[in-house]
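A short worksheet on the structure shown next.
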Amino acid sequence: MMDSKKLQHGQWSSSFAFIMAATGSAVGLGNIWKFPYIAGENGGGAFVIVYLLCVGLIGIPIMMAEIMMGRRGKQNPVDALKALAGEAGADKSWHYLGWTGVVAGFLILSYYSVIAGWASAYAVKAFIGSFSGAGSVEIKELFDNFIASPVQLIFWHTLFMLATMLIVARGINEGMEKALRFLMPGLFIILILLVAYAMTTASYEQGIAFLFTPDFSKLTGNSILTAMGQAFFTLSLGMGAIMVYGSYLPSEVSIAKTAFLIAGADTVVALLAGVAIFPIVFANGLEPASGPSLIFQTLPIAFGAMSGGWLFGVLFFVMLVFAALSSSISLIEPAVAWLVENRRISRESACIWAGLAAWLLGFASIFSFNVWSELKIFDRTIFHLLDYLTANLMLPVGGFFIAVFAGWVMKRQHSEQELNLAVKQSYSIWIFLVCYVAPGAVFLVFLHVVGVL
Ligand code: PHE
């Protein structure tokens, strides 16, 4: 009894394929590039605790909600929300929530591709031996010269966006499913190697203390918002990416188990990245709060100094690019699925249009690192503004409404049936989290930031 839209919608080849894809979406630049630098900017330990609380209490229940809604709606997020609202007898305007997600994904992709371009360039720099024997001063110079050149950034951004479009055009089963099988474990192994290297530096303990000793006096309203935004960003929540992946999920797969697995793997990767990076930061007298350049100014020092560092450097950045690719394809997928299912255009053309638009917008972020670096809107460069707007505002607001929809709008019997939890009591816990805890926490954090609380 499926309508034609549902029929043209694909399906993952197995539950393992879904877990790989969703973990691939979650694990990306957010874990390895972003988490360490925002932890550094926000004082370390206390920030990490707030972040972990947000992952557990807000992230996991919302991830279950997104997968569940996607699987029940079986279409792109816009139409899935329309169908689910219809099923619940609620107002159809809920589908605008799908639209804000499409827009957020598109805005994120525009700058995500720029940073993934940096990682691609660094894979080549590692390959030609640019890091060997270089100290922190040379590595900083290398980075500064690189981002000062719009032409180089445009080149790498273009390559990355083309790769994203190519993979998405081939559909969900070919392309990524295969590559991810060995790339994700590979990335994990290199991270462990980097942690092992960090342990040999004299500043290992200082790095660990920075990351895990909470100093709550450093927590400002904005750093709490950033921690919460990061929980959404790193788990790919609040914009329909996980929802659209859930829509390709076969019905027998356990949603709770997969959500825990994905969030667990994502958190471990972020923490490992932090443990690898901060000892190197302190050992070289670098500044933990150096911002988006942090991993590009620290890890090359390690690669340049360790034996076999040439090879590890190449492997690390190549894998980072793949981790970014497996995330970028999920950023564009809601838009592509909507175009294919509503505009009756081919997947290829849908990818070209969506990719082209995000590519063009990416120029604004590129210029904000060089020719427009003085241009500030609300005190932020365009890159920072886009990042703040999407990760700290759009994703939590999207997540808030997703939780409200799953908890208050959908009929309990439908969500319970779709989640199909093995232990019956866990449904009550989940409902409590999506009805009260997750939306309540997002709301309180916003109130705190605007100064009401
Ligand atoms: N989770 C990805 C990362 O950590 C980024 C992302 C955000 C992907 C939102 C999809 C949706 O890099």
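A quick note: this is a predicted structure, and the numbers were derived from the prediction, not measured. Whatever order the structure lists them in is the order used to number ligands and atoms, beginning at 1.
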| message | Using ring centroids (six-membered ring only for Trp), state whether Tyr436 and Trp408 fall under 6.0 Å. | response |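 Centroid separation for Trp408 and Tyr436: below 6.0 Å.
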| At a 4.0 Å threshold, what atoms of ligand 1 neighbour a non-hydrogen atom of Gly28? |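 Under 4.0 Å from Gly28, ligand 1 has these atoms: 3 (C), 4 (O), 12 (O).
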| said: Under 4.0 Å from a heavy atom of Leu331: which atoms of ligand 1 are those, numbered in the order shown and with their elements? | reply: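 Result: 8 (C), 9 (C), 10 (C), 11 (C).
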| field | Trp353 atom CH2, over 12 foreign heavy atoms within 6.0 Å | value |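 Counting neighbours around CH2 of Trp353, 12 or fewer heavy atoms of other residues, nucleotides or ligands fall under 6.0 Å, so no.
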Among all protein heavy atoms, pick the one closest to [atom] and tell me residue, atom and distance.
atom: atom 1 (N) of ligand 1; value: Phe233 O, 2.8 Å
atom: atom 12 (O) of ligand 1; value: Tyr112 OH, 2.5 Å
atom: atom 4 (O) of ligand 1; value: Ala26 O, 2.9 Å

Test of proximity, [X] against ligand 1: N or O pairs below 3.5 Å:
X: Leu235; value: no
X: Thr234; value: yes
X: Leu29; value: yes

| query | Would you call Trp33 a ligand 1 contact, heavy-atom distance under 4.0 Å? | reply |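 No, that is not the case, since the closest heavy atom of the residue is not under 4.0 Å from the ligand.
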| said: Under the ring-ring contact (aromatic ring centres under 6.0 Å, His included) test against Tyr122, which residue among Phe303, Phe316, Phe131 passes? | reply: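 Among the candidates, only Phe131 passes.
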| field | Nearest-option assignment for atom 9 (C) of ligand 1, heavy atoms, candidates Ser236, Ser25, Ala241 | value |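 Residue with the shortest heavy-atom distance to the ligand atom: Ser236.
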| field | Location of contacts on Met239 toward ligand 1, heavy atoms closer than 4.0 Å | value |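 The answer is the side chain of Met239.
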| message | When you compare the side chain of Gln75 with that of Trp338, does any pair of heavy atoms fall below 4.5 Å? | response |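 With C-beta onward as the side chain, the pair stays apart.
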| task | Starting from the C-alpha separation in whole Å, work towards a yes-or-no answer on ring-ring contact (aromatic ring centres under 6.0 Å, His included) for Tyr51 and Phe35. | result | CA-CA 10 Å; Tyr51 159 77; Phe35 171 74; 5.0 Å; yes
| query | Quick one: do Asp387 and Lys34 make a salt bridge, cutoff under 4.0 Å? | reply |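 Looking at Lys34 together with Asp387, the answer is yes, because their closest N to O distance falls below 4.0 Å.
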| Going from NE2 on His157 to CD1 on Ile154, what distance comes out if it is rounded to the nearest 0.5 angstrom? |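 So the NE2 of His157 and the CD1 of Ile154 are separated by 8.0 Å.
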| Judged by modelled atom types alone, do Ser223 and Thr220 share a side-chain donor-acceptor pair under 3.5 Å? |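 Side chains of Ser223 and Thr220: pair found under 3.5 Å.
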